[in-house]
Amino acid sequence: MNIEKFRIKEGSKLNLKKHDPDLTANYTDKKEAVADLKDNIDKLAELQDMLYAQDVYSLLIVFQAMDAAGKDGAIKHVMSGVNPQGVSVASFKAPSAEELDHDFLWRHQKALPERGKIGIFNRSHYEEVLVVRVHPDILQAQQLPPEVKNDPKIWKKRFDHIRDWEQHLFENGIHILKFFLNVSKKEQKERFLARIDEPEKNWKFSASDVKERGHWDDYMKAYEDAISATSTENAPWYVIPADKKWFTRLAVSEIIVKKLESMDLHYPKVPDETLARLEDARRLLESE
Ligand code: ATP
Ligand code: MG
């Protein structure tokens, strides 16, 4: 799969209308994609083992999307083969009073993966330039100085803060991938209806999601702006077609595997001294 066509190049202006949510690249059926996903899950498990043993780099994976785009399912499937000790998932909802008493990156900084681990952000610091931008009352309710809240350049400044922070992380060994799962408004409606129709999906339904859908165009504009401003060489955004869940999962797994393969991962080399001690230990065990 040519993953490059999903990457937003640094400095380019994203137009979501030009990204087909229903694209399935050269895959025509689900079976083939599921088989390739399985291969990627196996590769991911091996790569993650090396990442952990080497204990130098970590990988932060950001998921952003409209409701019902399939973030949870993508995380569940793509990570299904990975040692649970090597992954952490942080889900970000509306901030708590304690979180609002800090700068907006504080809670995200605290949730970063340690070296050797893969960290997943299910929603992220980007909500601060998405939901907060679409709903100006949320910004007004934040505990910020008035000159900050009312600064007409606030979004541009937040983009800069985010870019700088992500570059800082990269230069400390934390590599970053960012996924926008691009579901169409039509498919979102189908998925909401399924949540109403099918009893085992009822728990997922939230009336507020339907209300949020009313702001669709504002969200698309906010996503276009945020992604255009923050897709960088070291922290790239990928816009992933999300109308077919099986394709979303495959594309995401492919990008993560290629990223880890590019990271010069290897098992730590054991010094000669330690090797000699292994031999001593072998002799001891064998003489029991
Ligand atoms: P799902 O609906 O599949 O369970 P979700 O990620 O939509 O997953 P919810 O609990 O439904 O989880 O929604 C979390 C809500 O929190 C979203 O509407 C999101 O926009 C909101 N949120 C996240 N970060 C912030 C923030 N910084 N400020 C205000 N709202 C936020
Ligand atoms: Mg939700």
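Each ligand, and each atom within it, is numbered from 1 in the order the structure gives.
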Notebook entry, point to check: Can you tell me if Asn234 and Glu166 form a side-chain donor-acceptor pair at under 3.5 Å?
Noted result: no
Check: Taking the side chain from Glu187 and the backbone from Ala242, do they hold a donor-acceptor pair closer than 3.5 Å?
Finding: no
Check: If you count the atoms of ligand 1 from 1 in the order shown, which ones are under 4.0 Å from a heavy atom of Asp67?
Finding: 2 (O), 7 (O)
Checklist line | Electrostatic pair Lys157:Asp151 at N-O distance under 4.0 angstrom | finding: yes
Check: Between His168 and Asp164, is there a donor-acceptor pair closer than 3.5 Å when you use the side chain of the first and the backbone of the second?
Finding: no
Next item on the list: For the Mg ion (ligand 2), state how many protein N, O or S atoms fall inside a distance shorter than 2.8 Å.
Entry: 1
Margin query: Checking contacts here: is it the side chain or the backbone of Glu127 that comes within 4.0 Å of ligand 1, counting heavy atoms only? Could be both or neither.
Written below: side chain
Item checked: ligand 1 contacted by Ser206 (non-hydrogen, < 4.0 Å) -> no
Note to self: Can you confirm if the NZ or CZ of Lys110 lies within 45° of the ring axis of Trp106 and under 6.0 Å from the centre of its six-membered ring?
What the structure shows: yes
Next item on the list: Just jot down the ligand 1 atoms closer than 4.0 angstrom to any heavy atom of Lys71, in number order.
Entry: 5 (P), 6 (O), 8 (O)
Check: Just which atoms of ligand 1 are under 4.0 Å from any heavy atom in Val132?
Finding: 28 (N)
Next item on the list: Sort out for me which residue in Tyr219, Tyr238, Tyr223, Phe6 forms a ring pair (Phe, Tyr, Trp, His ring centres under 6.0 Å) with Phe180.
Entry: Tyr223
Check: Are a donor atom and an acceptor atom from the side chains of Lys178 and Tyr126 found within less than 3.5 Å of each other?
Finding: yes
Checklist line | Residue portion contacting ligand 1 (non-hydrogen atoms closer than 4.0 Å) for Asp72 | finding: side chain
Check: How close does the nearest protein non-hydrogen atom get to atom 26 (C) of ligand 1, and which residue and atom is it?
Finding: Pro95 CD, 3.4 Å
Item checked: Donor + acceptor pair across side chains of Glu233, Gln167 (<3.5 Å) -> no
Check: Looking at atom 10 (O) of ligand 1, what's its closest protein heavy atom, distance included?
Finding: Lys93 NZ, 2.9 Å
Item checked: Which residue and heavy atom of the protein sit nearest atom 13 (O) of ligand 1, plus the separation -> Arg123 NE, 4.1 Å
Next item on the list: Report, in ascending order of atom number, the atoms of ligand 1 lying under 4.0 Å from any heavy atom of Arg107.
Entry: 24 (N), 25 (C), 26 (C), 27 (N)
Next item on the list: Could you find the nearest protein heavy atom to atom 30 (N) of ligand 1 and give me its residue, atom name and distance?
Entry: Val131 CG1, 3.6 Å
Note to self: Looking at atom 6 (O) of ligand 1, tell me if a protein heavy atom falls under 4.0 Å from it.
What the structure shows: yes
Notebook entry, point to check: Any idea which atoms of ligand 1 are less than 4.0 Å away from a heavy-atom of Glu128?
Noted result: 27 (N)
Checklist line | Point-to-point distance, once rounded to the nearest 0.5 Å, from NE2 of His19 to CD1 of Ile240 | finding: 10.5 Å
Check: Distance-only, no hydrogens or angles: does the Glu99 side chain make a donor-acceptor pair with backbone N or O of Ser96 under 3.5 Å?
Finding: yes
Check: Among all residues two or more places apart in sequence or in another chain, which pass the ring pair (Phe, Tyr, Trp, His ring centres under 6.0 Å) test with His77?
Finding: none
Next item on the list: Assess Arg123 against Phe63: is NZ or CZ under 6.0 Å from the centre of the six-membered ring, and within 45 degrees of the ring's axis?
Entry: no
Notebook entry, point to check: Of the protein's non-hydrogen atoms, which lies at the shortest distance from atom 21 (C) of ligand 1, and what is that distance?
Noted result: Ala94 N, 3.9 Å
Checklist line | Presence of salt bridge, Lys76 and Asp72, under 4.0 angstrom | finding: no
